[in-house]
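So the structure is just underneath, and the comments pick up after that.
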Amino acid sequence: MKYYIIAGEHSGDLHASNLMKELKKRDASADFRCWGGDLMQAEGAVLVKHIRDISFMGFSEVLMNIRTIMANFKLCRADILAYKPDVIILVDYPGFNLRMAEFGHNQGIPVFFYISPQVWAWKKGRVKKIKAFVDRMFVILPFEQDFYRSYDYHVDFAGHPLLDAIEQYRMSVNVTSFVKKNGLDERPVIAILPGSRHQEISRMLNVMLQVVPAFPAYQFVVAGTSNFDSGFYTKLLGNSGVKIVYGQTYDLLSNARAALVTSGTATLETALFGVPEVVCYRGSGISFQIAKRLVDIKYISLVNLIMDKPVVTELIQSDLNLENLKKELKLILDDTDTIERIKTDYNALREKLGGSGASAKTAELMMHYLKK
């Protein structure tokens, strides 16, 4: 069977690659053509476009790159027609993928959506488009089933694939070599996860680094992405003395006492590793003002959204400053009651996410629907 898969972010690349592994177990003739990243390519996909060339963050950034985005739509449509897939699998990335869902539907190609757009947060009107053009939706957050049910639309929940990814990692790696391999010293580690997009990292890392001098008993380590050359990070790190590691985020979290994390999937990954965290976000002024008027959610981190309460502190826009960072980081490093409360909530979070085997269950469901 021929699968055309579109993922536009690093988390999508991870989850799509694990889904591909499971699809191959059930379909010996599986052939993949994708928009995605290194992990999908490693699973045998022919990569049409890499995520580093298609990922744009925020309203203003999208407007600045509108010509590139429109050219990508044109290329994708032509490529799908040439490839003639048996199914299109869209992985999150709604601004692009909902358009491709409509295109695929109009071509008579079955359309599956894996990892729902966050329509429960904003643009609820997109549900109408999803119902019209998506044959099957596979969600990874437990509350999403109830949300879609309120719109009379059935979706499948098979658990969160991060649980599988982290379990696989823990079974295959020796974390004790991390310190020696990266030339770290004996001080406890504080992880800095500033995101994966150019604009995001540039904006967040400068703010996060301000807190470093206040914690000399700890060493701060940045999780870098190989999408950018070392010069990009070197310029941002300056003479801070902060180390950077590439492609070792899970190793870093396995060795971290605490973390400063930009909002997104990384907040959930950090929680599943049991690391107390402070969630940090500062967007461009224009993007934030627009989002504030449109987004209908109480929290920005997945941890708090899933638990529906403030498990981890979120410092957003003007609240993300040196004074607040120092205060919140000290709490999760030194305050026993805070640390124990967070870890208890993390255990409850794992329960809510539905256990292991999400990628396998999703692949099984997809094969079932394709054979009907």
Side-chain angles (χ1 to χ4, degrees), residues 7 9 11-12 14-16 18-19 22 89-95 97-98 101-102 105 110-166 263-272 279 291-312 314 344-369 372:
E9 297 180 338
S11 58
L14 171 65
H15 300 324
N18 285 329
L19 177 65
E22 296 298 334
I89 301 175
L90 307 171
V91 185
D92 199 0
Y93 194 44
N97 275 340
L98 285 176
E102 181 174 1
H105 174 82
V111 176
F112 291 172
F113 216 117
Y114 182 42
I115 307 178
S116 170
Q118 295 178 352
V119 287
W120 34 267
W122 73 306
K123 290 192 176 181
K124 290 184 172 68
R126 284 176 163 177
V127 175
K128 184 177 180 181
K129 181 173 278 193
I130 289 169
K131 289 179 68 174
F133 304 126
V134 175
D135 295 286
R136 292 288 173 180
M137 172 68 76
F138 306 87
V139 301
I140 63 172
L141 300 175
F143 61 80
E144 290 176 321
Q145 270 193 314
D146 289 337
F147 170 80
Y148 277 110
R149 191 178 294 117
S150 71
Y151 286 88
D152 194 30
Y153 184 62
H154 172 78
V155 301
D156 291 288
F157 171 66
H160 201 296
L162 264 184
L163 292 168
D164 292 343
I166 291 171
S263 65
T265 303
T267 64
L268 186 55
E269 290 175 309
T270 303
L272 293 176
V279 176
K292 192 165 67 170
R293 288 160 174 76
L294 296 177
V295 175
D296 181 27
I297 53 174
K298 289 188 284 185
Y299 308 106
I300 65 166
S301 70
L302 282 173
V303 177
N304 292 347
L305 281 167
I306 294 166
M307 294 298 290
D308 195 27
K309 66 178 185 177
V311 173
V312 296
E314 300 178 351
T344 297
D345 285 337
Y346 280 177
N347 288 332
L349 172 70
R350 290 186 189 93
E351 293 294 319
K352 276 201 168 192
L353 289 175
S356 61
S359 301
K361 292 171 191 171
T362 302
E364 196 66 43
L365 284 166
M366 287 184 176
M367 296 306 298
H368 169 72
Y369 291 135
K372 286 180 75 172

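Just the heavy atoms: all of them, side chains too, but no hydrogens, waters or symmetry mates, feed the values below.
- Looking at heavy atoms from C-beta onward, Leu305 lies out of side-chain contact with Lys298 at the 4.5 angstrom threshold.
- To the nearest 0.5 Å, atom OG1 of residue Thr362 and atom CZ of residue Phe112 are 11.5 Å apart.
- Closest heavy-atom contact between Ala101 and Leu90: CB-CD1, 3.6 Å.
- Crowding of Lys131 atom NZ: a count of heavy atoms from other residues, nucleotides or ligands under 6.0 Å exceeding 12.
- Glu351 places none of its side-chain heavy atoms less than 4.5 Å from the side chain of Pro142.
- Between Val155 and the options Phe147, Phe113, Tyr148, Phe138, a side chain to side chain contact (heavy atoms under 4.5 Å, CB included) holds for only Tyr148.
- Between Ala271 and Arg350, the closest heavy-atom pair is O-NH2, 3.7 Å.
- Put simply, CG on Asn18 and CG on Leu14 are 5.5 Å apart, with the number rounded to the nearest 0.5 Å.
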Val279/Tyr299 under side chain to side chain contact (heavy atoms under 4.5 Å, CB included): CA gap, chis, key distance, verdict: CA-CA 10 Å; Val279 176; Tyr299 308 106; over 6 Å; no
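- Rounded to the nearest 0.5 angstrom, Tyr151 OH and Asp146 CG are separated by 13.0 Å.
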Worked check of side chain to side chain contact (heavy atoms under 4.5 Å, CB included) between Thr270 and Val303: CA-CA 9 Å; Thr270 303; Val303 177; over 6 Å; no
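- Atom CG of Asp152 sits in a sparse spot, with 12 or fewer heavy atoms from other residues, nucleotides or ligands closer than 6.0 Å.
- Residues Glu314 and Ser301 have side chains that bring a donor and an acceptor to within less than 3.5 angstrom of each other.
- Taking the side chain as every heavy atom from C-beta outward, Ile140 and Pro161 approach each other to under 4.5 Å.
- Note: Leu162 CG to Ser359 OG = 9.5 Å, rounded to the nearest 0.5 Å.
- Interatomic distance, Gln118 CD to Leu302 CG, rounded to the nearest 0.5 Å: 6.5 Å.
- Shown here for Ala358 and Asp164, the closest heavy-atom pair between the two residues is N-OD2, 2.8 Å.
- Using a 4.5 Å cut-off on side-chain heavy atoms (C-beta onward), Asn97 and Asp92 make no contact.
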Side chain to side chain contact (heavy atoms under 4.5 Å, CB included) between Phe133 and Leu98, worked out: CA-CA 8 Å; Phe133 304 126; Leu98 285 176; over 6 Å; no
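- Residue Tyr153 comes nearest to Ile130 through the heavy atom pair CE2-CG2, 3.7 Å, listed as atom of the first residue, atom of the second, then distance.
- For Pro117 against Met137, the heavy-atom pair with the smallest separation is CD-CE, 4.0 Å.
- Below 30°, between 30° and 60°, or above 60°: for Trp120 and Phe143 the angle between ring planes is above 60°, a perpendicular geometry.
- Note on residues 133-143: no pairs pass salt bridge (Lys or Arg N to Asp or Glu O under 4.0 Å), not counting sequence neighbours.
- Using a 4.5 Å cut-off on side-chain heavy atoms (C-beta onward), Val312 and Thr267 make no contact.
- Not counting sequence neighbours, the partners of Leu163 by the side chain to side chain contact (heavy atoms under 4.5 Å, CB included) test are Leu272, Leu353.
- Minimum heavy-atom separation, Pro310 to Asn304: C-OD1, 3.6 Å.
- Note that NE2 of His160 and CD1 of Ile115 are 7.0 Å apart. Values are rounded to the nearest 0.5 Å.
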